[in-house]
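Notes follow the structure.
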Amino acid sequence: MIDIIKEKIWLGLKALKLKAPPKSKINVEYPKHKIHGDYASNISLNLAKKIRQTPMTLAKKLATHLSADPLFSEVTAAKPGFINFHIANKILYSTLQDINKLGLKYGINYERGAGKRILIEFVSANPTGPLNVVNARAAAFGDSLANIMIAQGYYVEREYYINDAGHQIDLLVESIENELNRLDEIQVEELQEGYKGKYITEIAAHILETEGATIHQLSKRDAAQKIRDCSLDILINDQKNTLSLFKVCFDNWISENELRQKGSVEDVLAYLSETEKIYDKDGAVWMCSSEFGDSKDRVIMRSDGTVTYIIPDIAYHITKYKRGFDRIIDILGPDHHGHIPKLKAGIEILGYKTSLMQFILLQHVTILMNEEKVKMSKREGKLITLRQLIEEVGTDAARFFFLMRKSNTPLDFDIELAKKRSSENPVYYVQYAHARIASIERKARSERIRVQDFKPEYLQRLVHDEELDIIRMLMKYPELITHISSTYDVNLLTSYLIDLAGEFHKYYQKYKIINKRYKELSLARLFLCKAVQTVIRNGLTLLGISAPTKM
RNA sequence: GCGCCAGUAGCUCAGCAGGAUAGAGCAACAGCCUUCUAAGCUGUGGGUCAGAGGUUCGAAUCCUCUCUGGCGUGCCA
C-alpha cells in the first residue's frame with residue numbers, strides 16, 4: 001500500500017506540473033495518531049523550499065488532487081504541511097477478501113528477492129558440549145530470518161559450520177581421556193583447562209561401554225583418534241537432535257576437519273604468501289590485517305608451525321564466495337565481534353569483495369529463574385542447555401522469547417514467565433487469539449452459520465472502528481515482512497503479533513461474532529476473524545511457532 | 001588505551017526508514033464469566049527519552065563530545 005501511495009503522490013506532482021523527485025525519495029509512513037489518517041506523507045515539507053511554495057499550499061493542492069482517487073475516502077492537508085490519507089472502506093473490505101483468498105500466501109512477496117542467493121550461517125557452536133542459550137537465540141533468530149527471506153523470494157541456505165578441529169577439540173579429547181582413566185580407576189591429575197560437567201562423564205561412560213574392551217589395546221595415538229571420533233559423533237548428533245526439537249533444520253553442515261583435509265588451509269596459506277601481505281616476526285607468521293581495517297596485525301601461524309583459527313575460517317568463507325552467493329550473512333555470538341575485522345581483512349587480502357558479507361551480532365542471554373540470574377560457565381559445566389530450556393518451557397515459548405528483543409540488545413529470559421499460561425506470557429496471548437478464532441468457527445458451524453453462504457457485500461456491515469482498525473492492521477502485514485527482510489529486525493514481527501492479538505481480544509470482548517439472528521453480520525465478522533487468524537498463523541509460521549486451534 | 005553494543009516510566013522493554021500529543025507489559029488499586037475459550041477484557045497513576053552541544057522547518061531517532069554499564073581487544077575458537 002505504501003508503494004501505491006508513493007506512486008499516487010508522484011503522479012499527483014506530475015499532474016500539478018511540478019518536478020517530482022524520484023519515488024524512492026517520497027516518504028510515506030504510518031502516523032502515530034489515528035486522527036492523522038492511515039498513512040501520511042511529509043513530501044510537501046521536503047519539497048517546499050525547492051519549489052518556493054509554503055508547505056501548506058503545496059499540501060493542500062496535492063490533497064485536493066488526490067482526494068478524487070477512489071483509493072481514499074479522504075485526503076487532507078494538516079498543520080505544518082503533512083498530507084494525511086484515509087483509506088476508503090471499500091479498499092479495506094477488498095483487502096480482507098485478498099487475505100482470505102491468499103491464505104498461506106498472504107504476506108509473501110517473491111518478487112522482492114527475485115531468487116537472489118543468500119547464505120545464512122548461524123549457531124556454529126563448538127562441538128565441545130551441548131548447545132547453550134546464546135546458541136539457542138542464534139538458532140531461533142537465524143531460522144526465522146531465513147523463513148522471512150524465503151517469503152520475500154530469496155533463495156536461502158541455512159548453514160552450520162562445525163569447528164571440529166583445533167585446540168578446543170584437543171582439549172575436549174584430553175578431558176574425555178582423563179575421565180576415561182578416572183572411570184577405569186587409573187590415577188589422574190586434574191586438568192587445568194579441561195572441560196568439565198556431567199556430559200563429559202556421560203560420553204566417557206558411553207565410550208567405555210561400547211569400546212571399552214578394545215580402547216586400551218590401541219596405540220595412544222589411535223586411542224586418541226578413536227575418542228575424538230566417538231565424542232564428536234555423540235556431541236554433534238546431540239546438537240542436531242536438539243536443534244530439530246527446536247524446529248531448526250540446516251541445509252548444510254560444513255566440517256572444519258574435512259575442509260582441512262581437503263587442503264584448504266594450505267591453499268589459503270599459499271595464496272596469502274603470493275600477496276606479500278604476510279611476514280615473519282618472532283618466529284611466527286603474521287598477516288597485515290591492520291592495512292585492511294583491523295586494529296592490529298594478526299598471527300596466522302604460530303611459532304610451532306600450526307595455524308591459528310583465522311586461516312581455516314578464511315578458507316571456509318572463501319568457499320561461501322566460490323559457491324556463488326549474492327549475500328553472505330553470519331550470525332555471531334556476543335564474544336565474536338573482535339573476529340569480524342580479522343576475517344574481513346583476510347578475505348580482502350585474497351581479493352574478494354567484503355561488501356557481500358553481513359554480520360549480525362547477537363548479544364548475550366541471561367536466564368532468570370525465580371527472579372534471580374542463573375550464573376553459567378561452560379568450562380565448569382554449569383550451564384543451562386537448549387535441551388533443558390525446551391523441556392522447561394517448550395519450543396514455542398522459547399523461540400518467541402528469543403525473538404522478542406532486537407538482536408543487538410541483551411536479553412533476559414524469564415523462565416517462570418515463559419511457563420505461565422496467562423496474558424502475561426506473550427506467546428500464549430498470541431496463540432490464544434488464534435485458538436479462540438478456531439473456537440468461534442466451531443461455534444459457527446454448530447449454529448449452522450455456514451461460510452459458503454458468505455457474500456462480499458456483507459462486509460459493508462463491518463462499520464465499527466475496532467473492525468476497521470483491525471483490517472488496517474492486517475493490511476500492514478506484508479509491508480512489515482518486507483521491511484524486516486531489509487533490516488533483519490525480526491523482533492518487529494513478534495511485537496506486531498502481540499498487538500494484533502490484543503486488538504482481536506478487545507474486539508472479541510466487546511462484540512459478539514456469532515449471532516443467529518443476524519446471519520449476514522455474523523458471516524462478515526467471521527470473515528474478519530478468519531483473516532486475523534490467517535495473519536497470526538502466517539506470522540507464527542515465519543517465527544517457527546505453532547498456531548494451535550485448541551488450547 | 002582502542003573497538004563494538006547499549007542507556008527511554010519503580011521494573012522489563014517497544015519506538016530510532018528524522019515528523020504532528022513518547023507507547024506496551026509487569027508491579028499497585030478498582031471492576032467484568034446464566035452469552036462464541038476469564039490462557040480474556042475494562043479503568044486509574046507514573047517520563048528532563050543518561051548529560052551537553054550541533055544539523056534541521058522539526059530530533060528519543062542523525063552527527064560530535066562527556067558520563068555509566070556489558071563485551072571484545074591471546075601464538076584460545
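Reminder, nothing fancy here: chain letters follow the sequence lines and each chain counts from 1.
Nucleotides C75(B) and G18(B) are separated by 48 Å at their C1' atoms, to the nearest Å. Comparing the same atom, C1', in G45(B) and in A24(B) gives a spacing of 16 Å after rounding to whole Å. Nucleotides U21(B) and U34(B), compared at atom P, are 44 Å apart to the nearest Å. Rounded to whole Å, the C1' atom of G7(B) lies 16 Å from the corresponding atom of A52(B). Nucleotides G46(B) and A22(B), compared at atom C1', are 14 Å apart to the nearest Å. Taking the C1' atom of each, G72(B) and U66(B) are spaced 22 Å apart, rounded to whole Å.
Between Arg436(A) and A38(B) there is a side-chain polar atom (N or O) within less than 4.0 angstrom of OP1 or OP2. OP1 and OP2 of G15(B) both lie 4.0 Å or more from every side-chain N or O belonging to Arg405(A).
The six-membered or imidazole ring of Tyr30(A) lies near that of Tyr39(A), with a centre-to-centre distance under 6.0 Å.
Note on Ala438(A): nothing from the nucleic acid sits closer than 4.0 angstrom, heavy atoms only. Within the nucleic acid shown, Thr549(A) comes within 4.0 Å of at least one base atom, counting heavy atoms only. Nucleic acid contact class of Ile35(A) (heavy atoms, under 4.0 Å, all strands): base. When heavy atoms are screened at a 4.0 angstrom cut-off, Asp499(A) is found touching no nucleic acid atom at all. Counting any heavy atom pair closer than 4.0 Å across all strands shown, Ala433(A) reaches no nucleic acid atom. Counting non-hydrogen atoms under 4.0 angstrom, Phe401(A) reaches nothing in the nucleic acid. Among the atoms of the strands shown, only primed sugar atoms or phosphate atoms (P, OP1, OP2) are found under 4.0 Å from some heavy atom of Lys506(A). Using a 4.0 Å heavy-atom distance criterion, Asn84(A) is classed as a base contact.
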| Which nucleotides of nucleotides 57-64 of chain B have their base under 4.0 Å from a protein heavy atom (B), which only their sugar-phosphate (S), and which neither (-), written as one string 5' to 3'? | B--B----

| request: If a protein heavy atom is under 4.0 Å from the base, mark B; if only from the sugar-phosphate, S; if neither, -; do that for nucleotides 1-7 of chain B going 5' to 3'. | output: --BBSS-

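Every ring-ring contact (aromatic ring centres under 6.0 Å, His included) that Tyr161(A) has, sequence neighbours left out, goes to Tyr316(A). Arg442(A) pairs by the salt bridge (charged side-chain N to carboxylate O under 4.0 Å, His left out) definition with nothing, not counting sequence neighbours. In this structure, the ring-ring contact (aromatic ring centres under 6.0 Å, His included) partners of Phe72(A), at least two apart in sequence or on a different chain, are Phe85(A). Residues satisfying the ring-ring contact (aromatic ring centres under 6.0 Å, His included) test with Phe122(A), not counting sequence neighbours, are Phe250(A). Considering only residues two or more places apart in sequence or on other chains, Lys443(A) meets the salt bridge (charged side-chain N to carboxylate O under 4.0 Å, His left out) condition with Glu447(A). Taking His464(A) as the reference, Tyr511(A) meet the ring-ring contact (aromatic ring centres under 6.0 Å, His included) condition, with sequence neighbours excluded.
Atom NZ of Lys60(A) has 12 or fewer neighbouring heavy atoms from other residues, nucleotides or ligands inside a 6.0 Å radius. Heavy-atom contacts from other residues, nucleotides or ligands closer than 6.0 Å to CD of Glu7(A) number more than 12. Around CZ of Arg302(A), the count of heavy atoms belonging to other residues, nucleotides or ligands within 6.0 Å exceeds 12.
Atom CG of Asp280(A) is separated from atom P of C75(B) by 16 Å (rounded to the nearest Å). Residue Gln509(A) contributes atom CD, which lies 7 Å from atom P of A38(B) at whole-angstrom precision. Per the geometry, NZ belonging to Lys510(A) stands 10 Å off P belonging to U42(B), to the nearest Å. The separation between Leu492(A) atom CG and G23(B) atom C1' is 14 Å, rounded to whole Å. Per the geometry, CD belonging to Glu29(A) stands 11 Å off P belonging to C16(B), to the nearest Å. One atom, OH of Tyr428(A), and another, C1' of G25(B), lie 18 Å apart when rounded to the nearest Å. As a whole-Å value, the separation of Tyr39(A) OH from G19(B) P is 17 Å.
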Could you pull out all donor-acceptor pairs under 3.5 Å where a side-chain atom in residues 330-340 of chain A meets a protein atom, sequence neighbours excluded?
from: Asp330(A); atom 1: OD1; to: Lys320(A); atom 2: NZ; distance (Å): 2.9
from: Asp330(A); atom 1: OD2; to: His317(A); atom 2: NE2; distance (Å): 2.7
from: His337(A); atom 1: ND1; to: Pro334(A); atom 2: O; distance (Å): 3.4
from: His339(A); atom 1: NE2; to: Asp313(A); atom 2: OD2; distance (Å): 2.6

Could you go through residues 292-300 of chain A and list every donor-acceptor pair under 3.5 Å that involves a side-chain atom there, pairing it with any protein atom two or more places apart or in another chain?
from: Asp294(A); atom 1: OD1; to: Arg298(A); atom 2: NH2; distance (Å): 3.1
from: Asp294(A); atom 1: OD2; to: Ser289(A); atom 2: OG; distance (Å): 3.3
from: Asp294(A); atom 1: OD2; to: Arg298(A); atom 2: NE; distance (Å): 2.8
from: Ser295(A); atom 1: OG; to: Arg298(A); atom 2: NH2; distance (Å): 3.4
from: Asp297(A); atom 1: OD1; to: Ser289(A); atom 2: N; distance (Å): 3.3
from: Asp297(A); atom 1: OD1; to: Ser290(A); atom 2: N; distance (Å): 3.0
from: Asp297(A); atom 1: OD1; to: Ser290(A); atom 2: OG; distance (Å): 2.6
from: Asp297(A); atom 1: OD2; to: Tyr279(A); atom 2: OH; distance (Å): 2.7

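Secondary-structure stems of RNA chain B, taken as three or more successive Watson-Crick or G-U wobble pairs (i with j, i+1 with j-1) under a 3.5 Å distance threshold, comprise B:1-7 with B:67-73, B:10-13 with B:23-26, B:28-32 with B:40-44, B:50-54 with B:62-66.
Of the candidates U73(B), C36(B), A20(B), the closest approach to any side-chain atom of Ser439(A) belongs to C36(B). Of the candidates C36(B), G23(B), A20(B), G23(B) carries the atom nearest the His33(A) side chain, counting heavy atoms from C-beta on. The side chain of His167(A) approaches C76(B) more closely than any other nucleotide in the set C76(B), C36(B), A39(B). Set against G15(B), C75(B), A38(B), the side chain of Tyr508(A) has A38(B) as its closest nucleotide. Closest contact between the side chain of Gln168(A) and the listed nucleotides U21(B), A17(B), C76(B) involves C76(B). Residue Asp282(A) places its side chain closer to C75(B) than to any other of A77(B), G15(B), C75(B). Checked against G15(B), C41(B), G72(B), the side chain of Asp335(A) finds its nearest nucleotide in G72(B).
Between Arg260(A) and Glu256(A), at least one side-chain N (NZ, or NE/NH1/NH2) sits under 4.0 Å from a carboxylate O, which counts as a salt bridge. Ion pair Lys506(A)/Glu466(A) not flagged as a salt bridge, since none of the NZ, NE, NH1 or NH2 atoms sits closer than 4.0 Å to an Asp/Glu carboxylate oxygen.
Residues Pro426(A) and Phe400(A) have side chains in contact (heavy-atom distance under 4.5 Å, counting atoms from C-beta outward).
Side-chain atoms of His339(A) stay outside donor-acceptor range of the base of A77(B), with no qualifying N/O pair under 3.5 Å.
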| Step by step, would you call Arg228(A) with Asp170(A) a side chain to side chain contact (heavy atoms under 4.5 Å, CB included)? | CA-CA 8 Å; Arg228(A) 171 184 295 247; Asp170(A) 297 339; 2.7 Å; yes

Identify the pairs formed between an N or O of the protein and an N or O of nucleotides 44-46 of chain B at a distance under 3.5 Å, and give each distance.
none

